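Have a look at the structure below, then the notes.
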Amino acid sequence: MSTSAHNNARLAVDIGGTFTDLAIEKDGQRWTAKVLTTPAAPEKGVLEGVQQVLAKAAMKPADLALVIHGTTLATNAVIERKGAKTALITTEGFRDVLALANEARYDQYDLNIELPKPLVPRRWRLPVPERLDNTGKVLLALDEAAVRAHIPFLRAEGIESLAIGFIHGFVNPTHERRAAEIVREAWPELPVSLSSEVSPEMREWERFSTTVANAYVQPLMARYLKQLELGLREAGLACPLYLMLSGGGLTTIDTAARFPIRLVESGPAGGAIFSAFVARQRGFDKVLSFDMGGTTAKVCLIDDFRPQASRTFEVARVGRFKKGSGLPLRIPVIEMVEIGAGGGSIAQVDSMGRIQVGPESAGADPGPACYGRGGTHPAVTDANLALGRYDPELFAGGALRLHPDQSRKALAEHVGGKLALSADMAALGVVEMVDENMANAARVHAIESAKNYEGRVVIAFGGGGPVHGYRVAEKIGVKRILVPSGAGVGSAIGFLRAPVAYEVVKSLYQRFGSFDIAAVNSLLAAMSQEAAGVVAEGAFGAPIEETRIAYMRYVGQGHEIAVPIPPRALTAQDVREIRALYDAEYSRFYDRPVPGSDVEILSFAVTVRTVEAHVEPAAPVANAPAPSPIRVQIVRDTATGEVAEWQVYDRDAMRPGATVAGPAIIAEAETSTLIGPGWMCRMDGLGYLDLTQEAAR
C-alpha cells in the first residue's frame with residue numbers, strides 16, 4: 001500500500017486484554033506507545049493512546065494517512081458470552097443442529113463431559129418449511145408466511161440479531177436471501193447474518209455455528225467500530241480506517257462491520273505477520289513466532305516467510321487446550337496455538353496441590369497484585385518481579401510503578417502458603433509452570449502440523465515474549481532467538497506490514513473421475529471478482545496478486561488437505577497435475593498415497609492481496625564494543641534456582657555488532673530481554689537482538 005508521497009504516516013492500534021499497543025511509522029522512523037486497555041469502553045484507551053503516540057511523533061491527527069486496527073473484542077464477547085440476544089431461522093427439522101454438533105466427544109472417557117453450549121438457546125431456534133437438495137434444486141418452496149409468523153415472537157423476546165441458515169443454502173442462497181428480505185421489510189433495523197454470505201461451505205454444524213457467532217457479535221462490533229470511527233474523526237483524524245482480519249489481511253470498516261467474525265484473531269494475526277516480515281529481513285526460512293502479552297501467549301509456525309494458514313478455528317473451549325471442545329468457526333485464520341498464559345494470568349494451587357497458571361487473567365483492571373490497583377491474586381508478572389527480572393521503577397517505560405511487596409504477599413498467600421514454599425520459590429514454580437505450558441503448546445502445535453523444531457529460530461515479542469523466550473527455547477530444543485526492535489508492540493507493527501487482502505471460500509463438490517472444468521472455472525472467476533472488489537477499495541493502486549487453493553480428500557475420508565491450484569482458468573493438463581500434487585501432499589502428511597482411490601474436492605478458496613514489498617536480507621555488521629551495564633539486578637534463575645547478580649544493559653545504548661554474554665538483561669521501554677546463563681546476545685545490523693545458546697546447560 002502506498003499513499004501520497006508527502007503524507008505516508010501510518011498508525012496501527014492493537015487492543016489486547018491488558019494493554020492497547022500503538023505504533024506510528026513514517027519515512028522509516030517509528031514511534032510506539034503502550035496504554036492500559038479500558039475494557040468497559042475500549043475506544044477510550046485507543047483515543048488516549050493515539051494522543052500519546054502523536055505527541056511522541058510530534059504530529060497532528062491530520063498528518064496520518066491511514067489507521068489500521070486489530071482487536072480481540074469479538075473473541076472476548078463469545079468467550080464471556082456477552083454478545084447480542086441472537087435467534088436462528090433454519091430449515092424445519094434442523095433446529096437442533098447447533099446442539100447435536102457432529103456428535104463427537106472431545107474426551108471419550110469422560111462420563112460427565114461438558115459440551116459447549118450453543119450461542120442460541122432452543123426457544124430462539126425457529127424452524128421454517130423449505131428444502132433444497134445438494135445441487136441447490138428446490139424440493140420444497142420457502143414458506144414465506146412461516147417466516148413472517150416468527151417476527152412478532154422475535155420482537156417480544158427482545159432479539160437483537162438474527163442468523164438465517166438453511167440446509168444446502170451454500171449451493172443456492174435464494175431461500176436465505178428471500179427470508180432476509182421478509183424480515184427486513186418488517187424490521188429494517190434488525191441485523192441479519194446469512195450462512196450463504198458468512199460461510200458458504202458444506203457441513204451445516206460449522207456453517208450454522210459460524211453464522212450464529214457472526215450474528216452474536218455483530219451489534220457489539222458494529223457499535224464499537226462506529227464509536228471508534230466517530231472518536232477518531234472528532235480527534236481530527238480524517239484518514240481511512242482499516243481492520244486486521246484473522247487471516248492476516250486488511251479490510252475496510254464496512255466489510256468488518258458485516259462480517260465481524262472474521263476479526264476474532266485479528267490481534268494475534270498481526271503478530272504472525274510481524275514475525276514473517278522479520279524472518280524475511282533476516283532470511284530465516286524456518287521460524288516459530290512466540291508472542292506473549294498480558295493475557296495470552298500465541299505460538300505460530302512460519303515456513304518460507306508465510307505463516308501457516310487454516311480455515312477452521314475453535315473459540316471458547318470448554319476443555320482447556322482440547323480440540324473439539326469449542327464452538328467451531330469456519331473462517332480464514334492464521335493457524336496458531338493460543339493459551340491463557342500471559343503476564344496477567346493468575347496463579348493458584350489446585351485441589352491436588354499443583355501450581356496452575358491461567359487461563360483466568362487479572363487483565364488491566366485490577367491487573368496483577370503488583371500494579372497496586374486492587375488485585376490480590378498473584379499473576380505471572382508478580383512472579384517475574386519477585387524473581388528480580390523487572391525493575392519496579394521502570395516497568396512499561398516507567399509509566400507503571402510496580403509494588404514488589406504486594407507481589408510477595410500475594411504469592412505467599414495463594415501459592416507459597418499452600419505448598420510450604422517461600423514467596424521466592426513460589427514465584428520460581430509459577431514461572432517454570434507457565435514456561436512449561438507454553439513449551440508444551442509449541443510441541444503439540446509442531447506435531448499436529450507434521451513439523452519439528454530442528455534448525456528453527458524463535459522470534460520473541462509481546463511484553464512477555466523476550467522475558468520468557470530463552471527458557472521456552474531451551475525446553476523445545478531451539479538454540480537461537482531473535483528479539484526485534486519494537487518487540488513490546490510487535491502485533492501493532494505487524495498491522496503496518498499486512499497486505500490489504502480478502503479470502504472467499506465456496507463449496508462445489510467435484511470428483512476427479514468426473515471433473516467439470518467449466519463449472520469450476522466459472523465459480524473461481526466469480527470468487528476472484530468478489531475478492532478483488534473488496535481489495536480494490538483499499539489497495540491505493542498497489543499491484544495485487546491472487547492465490548487459489550482446493551480442499552481435497554480421498555473419497556470416503558473425513559478431512560481435507562489444502563492443495564494450491566493455478567490462479568487462472570484451469571485446463572485438462574492442470575487437472576491431472578493437481579491430482580498428482582494431492583498425492584504428493586498426502587504422502588507428506590501420512591507417508592504414502594492411497595493408490596486406486598478417487599479424490600474429491602469439497603471447496604475452493606481464492607485470496608486476493610496487495611503484493612508485499614521485496615525485502616533484502618540484512619547484511620552482516622562488524623563487531624562493536626559492548627555497552628557498560630547501567631545497573632545489576634539480583635535474579636533467581638528458573639532452571640537451577642540459583643540467585644546471582646545479572647548485569648542490566650540499556651538497549652538504546654547498544655550499537656549494531658555489540659555482544660553481551662548471559663546471564664544479563666537488556667532493558668527497553670516496553671519489555672526486557674533475558675539472556676540466560678550459557679546464552680550470548682549480539683545486536684545485528686537492524687538493531688535486533690540475536691541470542692544463541694553457546695553451550696548446553
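This one's a predicted model, so the numbers in the text were calculated from it and none came from an experiment.
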Any side-chain to backbone donor/acceptor pair from Glu144 onto Ile182? Under 3.5 Å, distance only.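 Here the side-chain-to-backbone pair does not exist.
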Is any side-chain heavy atom of [X] closer than 4.5 Å to a side-chain heavy atom of [Y]?
| X | Y | value |
| --- | --- | --- |
| Glu130 | Glu92 | no |
| Ile601 | Val520 | no |
| Phe170 | Glu201 | no |
| Arg81 | Tyr216 | yes |
| Leu232 | Leu47 | yes |
| Asp574 | Arg568 | yes |

Reference residue Asn214; test side-chain hydrogen bond (donor to acceptor under 3.5 Å, both in side chains); the match among Ser161, Ser199, Ser193: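 Of the listed residues Ser161, Ser199, Ser193, the side-chain hydrogen bond (donor to acceptor under 3.5 Å, both in side chains) partner of Asn214 is Ser193.
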Which residue is it: Leu228, Val67, Leu243? I am looking for the one with a side-chain contact (heavy atoms from CB on, under 4.5 Å) to Ile253. Leu243
Can a donor-acceptor pair be found between the side chains of Thr174 and Asn172 at a distance below 3.5 Å?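 Checked: Thr174/Asn172 side chains pair up, N/O donor to acceptor below 3.5 Å.
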Non-neighbouring partners of Glu160 that pass salt bridge (charged side-chain N to carboxylate O under 4.0 Å, His left out), sequence neighbours left out: none
Test salt bridge (charged side-chain N to carboxylate O under 4.0 Å, His left out), reference Glu197, set Arg258, Arg262, Lys506, Arg207, output is Arg258
Exactly one of Arg123, Lys85, Arg125 should register a salt bridge (charged side-chain N to carboxylate O under 4.0 Å, His left out) with Glu157. Which one does?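 Single pass found, and it is Arg123.
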Indicate every side-chain donor-acceptor pair of residues 135-143 with a distance under 3.5 Å to a residue at least two apart or in another chain.
residue, atom, partner, partner atom, Å
Thr135, OG1, Asp133, OD1, 2.7
Thr135, OG1, Asp133, OD2, 3.3
Asp143, OD1, Ala145, N, 3.2
Asp143, OD1, Ala146, N, 3.1

Kindly indicate, with the supporting measurements, whether the criterion side chain to side chain contact (heavy atoms under 4.5 Å, CB included) is fulfilled by Val444 and Val337. CA-CA 9 Å; Val444 171; Val337 173; over 6 Å; no
Give a yes or no on whether a salt bridge exists between Arg233 and Glu229, defined as a side-chain N under 4.0 angstrom from a carboxylate O.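 Yes, Arg233 and Glu229 are salt-bridged.
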According to the ring pair (Phe, Tyr, Trp, His ring centres under 6.0 Å) rule, which pairs have a member within residues 498-526, sequence neighbours left out?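 Counting only pairs at least two positions apart or across chains, the ring pair (Phe, Tyr, Trp, His ring centres under 6.0 Å) contacts touching residues 498-526 are Phe512-Phe515.
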All ring-ring contact (aromatic ring centres under 6.0 Å, His included) counterparts of Tyr590, not counting sequence neighbours: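 Only Tyr586 meet the ring-ring contact (aromatic ring centres under 6.0 Å, His included) criterion with Tyr590.
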The ring-ring contact (aromatic ring centres under 6.0 Å, His included) partners of Tyr224 (sequence neighbours excluded) come to His69
What pairs with Thr296 under side chain to side chain contact (heavy atoms under 4.5 Å, CB included), at least two apart in sequence or on another chain? Lys298, Glu338
Audit row: Glu181, Arg184, salt bridge (Lys or Arg N to Asp or Glu O under 4.0 Å) steps and yes/no: CA-CA 5 Å; Glu181 275 173 23; Arg184 284 179 181 132; over 6 Å; no
Just checking Tyr582 against Tyr554, ring centres under 6.0 Å apart?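 Yes; Tyr554 has its ring centre under 6.0 Å from that of Tyr582.
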